Q: 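I'd like to ask some things about the structure below.
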Amino acid sequence: MTTRFKLTYSTMFDPPPEVDAHFDAALTSIRGHLGAEHPMLIGGVDQRAPRQFAVKSPIDTRVVLGQFQAGEDVHARAAVAAAARAFPAWAATPWQDRVRVLRRAVGLIEERVFFIGAALALEVGKNRMEALGEAQETADLIAYYCGEMERNDGYVRPMARDPLPGFVSENRSVMRSYGPWLVIAPFNFPLALAGGPAGAALVTGNTVVCKAASATPWSGRLLADAFRDAGVPEGVFNFVTGPGGSLGEALIRDTGVAGVTFTGSFGVGMHLYRTFAAGRWPRPCIAEMGGKNAAIVSRHANLSDAAIGIARSAFGLSGQKCSACSRVYVEHTVFNDFVAALHAVTTKIGVGDPTLRENWMGPVIDAAAVARYEDAVAQIRGLRDEAGIVHGGQRVDHGDLAHGHYCAPTIARAPASHPLWQTELFAPFVLVAPVESIDEALALANAGDYGLTAGFYGSADETEDFFERIEAGVCYANRPQGATTGAWPGYQPFGGWKGSGSTGRAGGSLYYVAQYLREQSQTRVRRS
């Protein structure tokens, strides 16, 4: 990057000019790599499947990014077997040596951050700063987990000695790795939510099988290259691509998998959770399963900050973040003023090819996402009384944009009882409603099954009450950089409550790495 600019999701809104220059150069370079075939990586060897599938850019579906392997059951078994063979030696490697290898991978990701960022922009449809942010976040996540191993001295701690006359009884707690660990990455953060969990699993001595989302496998292969080039031994990190219903299910059902980290929908996450609990013994399942994230605006709020922060969280990455703000409760005395401010901010959003500097919002990922968006709009248009589209509500399909999956950022009103208030859409669609009090807003915000992120705008006293009562794992107050989005490793731990998470431990936090370890009590006795 640059020595004076630290990129996080909070600082990405005013980058120095050299960031854009480097990104433009990387974008030009990466366009020369489009259409290539990309193998899987199993046991340190590039592997091809009998069939391949084409991945097209959501920016312009005429652009084929690459040909990827349609992995099958046999590839799932081979990847888990390779990880099992590599596990004993990697687990026995001193943790300091594992840290050194992974820090080399961090360095390679940072060296390649603009190339990887350009790939993410084309593959996911992120704007340039969101794409660069994800690439840098991946490096920071792995580095943070390396630091946690160092800060905890490899998770080996002495315990009290037994008071045995004539004997010395030394006790200690040792955290030990599990074995082959499955990482299933989502389409929206295909690098960070593969690299972060993989980094935690690897630094603790587990081996990894990583499955990419079929919509976004390119960045996963770039991650595999970084690990291999850093010197991660053969079989320690394996990368596979293919359908979730066949390849993914084969990985989930493989009893050689010791644990899993998953990011995705509630339905799939609960399927994994139940599957991993139902074998010969329960296996760990770290599942992050989405959100329906609320922001609350008090009559004491700075409405300008609230409008900017909510727009950034509702429409960043076209609303395709599990942390996206999709519902807003506003005290009725300032409701009209807030909606006017949010409308004013939203009208200034540039929608189009997100690799261009002037466009802040790009496409949604595919036609199914467009269909969800259009269905939500139709539901609102079918309502009466205190409902309607405040802004947006249509496809953006003029000119070349007709070849991508573009939707207008949409603000809508609906009765608080409408199902859309509880349905995760993963689209640029936010509902707003007036409330009589902050108490009512908190009750509505806490009423759903999810509990990932939440935001608040109001006075200092109200803020403390919000933090005390909100049922969410990641909470922000008075933040124009993002009402519900923008967590960064080491700054804001990221994890959900209730239906949004399975463990109560957050990524990029003090407690995350220990989830990839199991405790062993060791007692050594000798006569004195």
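Bear in mind the structure is a predicted one, so any value in this text is a computation, not a measurement.
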Q: I need the full list of salt bridge (Lys or Arg N to Asp or Glu O under 4.0 Å) pairs touching residues 470-491, with sequence neighbours left out, sorted by first then second residue.
A: E471-K498

Q: Can you tell whether the side chains of E72 and R77 come within less than 4.0 Å, N to carboxylate O?
A: no

Q: Could you measure the distance from the SG atom of C322 to the CD atom of E288? Nearest 0.5 Å is fine.
A: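 Here the rounded value is 3.5 Å.
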
Q: For F466 versus C475, what's the shortest heavy-atom pair and its separation?
A: CE2-CB, 4.0 Å

Q: One thing to verify: whether R48 and E37 come together as a salt bridge, which I'm taking to mean a side-chain N less than 4.0 angstrom from a carboxylate O.
A: yes

Q: Is there a donor-acceptor pair closer than 3.5 Å between any side-chain N or O of T453 and the backbone N or O of V474?
A: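 No, T453 side chain to V474 backbone: no donor-acceptor pair under 3.5 Å.
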
Q: Report the C-alpha separation of K321 and E130 in whole Å, then their side-chain angles, then the decisive distance to 0.1 Å, and conclude whether the salt bridge (Lys or Arg N to Asp or Glu O under 4.0 Å) test is met.
A: CA-CA 11 Å; K321 298 180 182 181; E130 287 268 12; 2.9 Å; yes

Q: Please confirm whether the ring centroid of Y145 lies under 6.0 Å from the ring centroid of Y512.
A: yes

Q: Side chains of Q520 and Q522: do they bring a donor and an acceptor to under 3.5 Å?
A: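 Per modelled atom types, Q520 and Q522 side chains form a pair under 3.5 Å.
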
Q: Is there a donor-acceptor pair under 3.5 Å between the side chain of S313 and the backbone N or O of T484?
A: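 Here the side-chain-to-backbone pair exists.
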
Q: Would you say the side-chain atoms of E148 pair up with the backbone N or O of V513, donor to acceptor, closer than 3.5 Å?
A: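 Here the side-chain-to-backbone pair does not exist.
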
Q: Distance to the ring centre below 6.0 angstrom and angle to the axis at most 45 degrees; does that hold for R128 and F23?
A: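 No - R128 does not lie over the ring of F23 by the 6.0 Å and 45° rule.
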
Q: Any donor-acceptor pair under 3.5 Å linking the side chain of Y406 with the backbone of I59?
A: yes

Q: Any donor-acceptor pair under 3.5 Å linking the side chain of E123 with the backbone of S219?
A: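 Checking the backbone N and O of S219 against the side chain of E123, a donor-acceptor pair under 3.5 Å is found.
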
Q: With a 4.0 Å cut-off, would you call E150 and R103 a salt bridge?
A: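 Salt bridge: yes.
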
Q: Which word best sums up how the rings of Y9 and W488 line up, parallel for under 30°, tilted for 30 to 60°, or perpendicular for over 60°?
A: perpendicular

Q: Would T261 and W181 count as a side-chain contact (heavy atoms from CB on, under 4.5 Å) if you check the C-alpha gap in whole Å, the side-chain angles of each, and the deciding distance to 0.1 Å?
A: CA-CA 8 Å; T261 301; W181 198 279; 2.9 Å; yes

Q: Is the shortest distance from a Lys or Arg side-chain nitrogen in R221 or D46 to a carboxylate oxygen in the other one below 4.0 Å?
A: yes

Q: Taking the six-membered ring for Trp, are H22 and F114 parallel (under 30°), tilted (30 to 60°) or perpendicular (over 60°)?
A: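 Geometry flag for F114 against H22: tilted rings.
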
Q: Check the angle between the aromatic planes of H38 and W218 and answer parallel, tilted or perpendicular using the 30° and 60° thresholds.
A: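 Rings of H38 and W218: tilted, 30 to 60°.
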
Q: Please identify each residue that fulfils side-chain contact (heavy atoms from CB on, under 4.5 Å) with E358, with sequence neighbours left out.
A: L356

Q: Answer yes or no: is there a donor N or O on one side and an acceptor on the other, between the side chain of D305 and the main chain of N478, under 3.5 Å?
A: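 Absent.
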
Q: Flag this pair as yes if the NZ/CZ of K126 is under 6.0 angstrom from the six-membered ring centre of F189 and inside a 45 degree cone about the axis; otherwise no.
A: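 Pair K126/F189 counts as cation-pi.
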
Q: Is it the case that the side chain of T485 and the backbone of S323 share a donor-acceptor pair, with hydrogens and angles ignored and the cut-off at 3.5 Å?
A: no

Q: Measuring from atom CZ of F239 to atom CG of D225, what distance do you get when rounded to the nearest 0.5 angstrom?
A: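 F239 CZ to D225 CG: 9.0 Å, rounded to 0.5 Å.
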
